[in-house]
Amino acid sequence: MTQVTLTLEPAVALFYKRVAYTYGVPLEQVLCDALFKLAGELSLEALHKQDTKTGNGN
């Protein structure tokens with residue numbers, strides 16, 4: 001597994017810390033899950049744009 005260092009605005013860090021505390025999971029897990037979900041959404045958006053450009057979209 002690869003480790004990374006993130007620099008977050010204080011308000012953003014506080015938000016994710018509160019989410020982690022609420023669900024009883026480590027802050028790192030919350031951040032990992034959020035980034036993974038964002039990556040999936042961005043991938044779907046990119047595929048949709050590609051389909052639109054090639055005329056394969058609905």
Side-chain angles (χ1 to χ4, degrees):
M1 196 164 300
T2 302
Q3 288 187 321
V4 297
T5 301
L6 298 174
T7 302
L8 302 174
E9 295 290 328
V12 175
L14 180 60
F15 170 78
Y16 283 110
K17 285 178 184 178
R18 287 181 176 171
V19 171
Y21 177 80
T22 299
Y23 289 97
V25 296
L27 172 61
E28 293 82 1
Q29 186 62 53
V30 172
L31 293 171
C32 183
D33 292 347
L35 288 171
F36 187 78
K37 183 175 188 224
L38 176 60
E41 291 171 356
L42 292 174
S43 295
L44 288 174
E45 185 177 319
L47 288 172
H48 177 72
K49 285 182 180 180
Q50 182 181 11
D51 286 346
T52 302
K53 284 182 182 179
T54 60
N56 295 327
N58 292 334

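All values reported here derive from a predicted model rather than from experimental measurement.
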**Prompt:** Which residues pass the side chain to side chain donor-acceptor pair (under 3.5 Å) test with Glu41, sequence neighbours left out?
**Reply:**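 Partners of Glu41 under the side chain to side chain donor-acceptor pair (under 3.5 Å) test: Lys37.
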**Item:** By side chain to side chain donor-acceptor pair (under 3.5 Å) - contacts of Gln29 (at least two apart)
**Value:**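 Testing Gln29 for side chain to side chain donor-acceptor pair (under 3.5 Å), a comparison that skips the adjacent residues, returns Asp33.
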**Item:** Straight-line distance of Cys32 SG to Leu27 CG, nearest 0.5 Å
**Value:**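 These two atoms lie 11.0 Å from each other.
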**side chain to side chain contact (heavy atoms under 4.5 Å, CB included) involving Gln3 - partner list, sequence neighbours excluded** =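 By the side chain to side chain contact (heavy atoms under 4.5 Å, CB included) rule, Gln3 matches no residue at all.
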**Request:** Give the other cluster members for Met1, using side-chain heavy-atom distances under 4.5 Å between Ile, Leu, Val, Met, Phe, Trp and Tyr residues; answer none if it is isolated.
**Result:**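 Its cluster partners, ordered by chain and number, are none at all.
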Side-chain donor-acceptor pairs of residues 6-20 under 3.5 Å, sequence neighbours excluded:
none

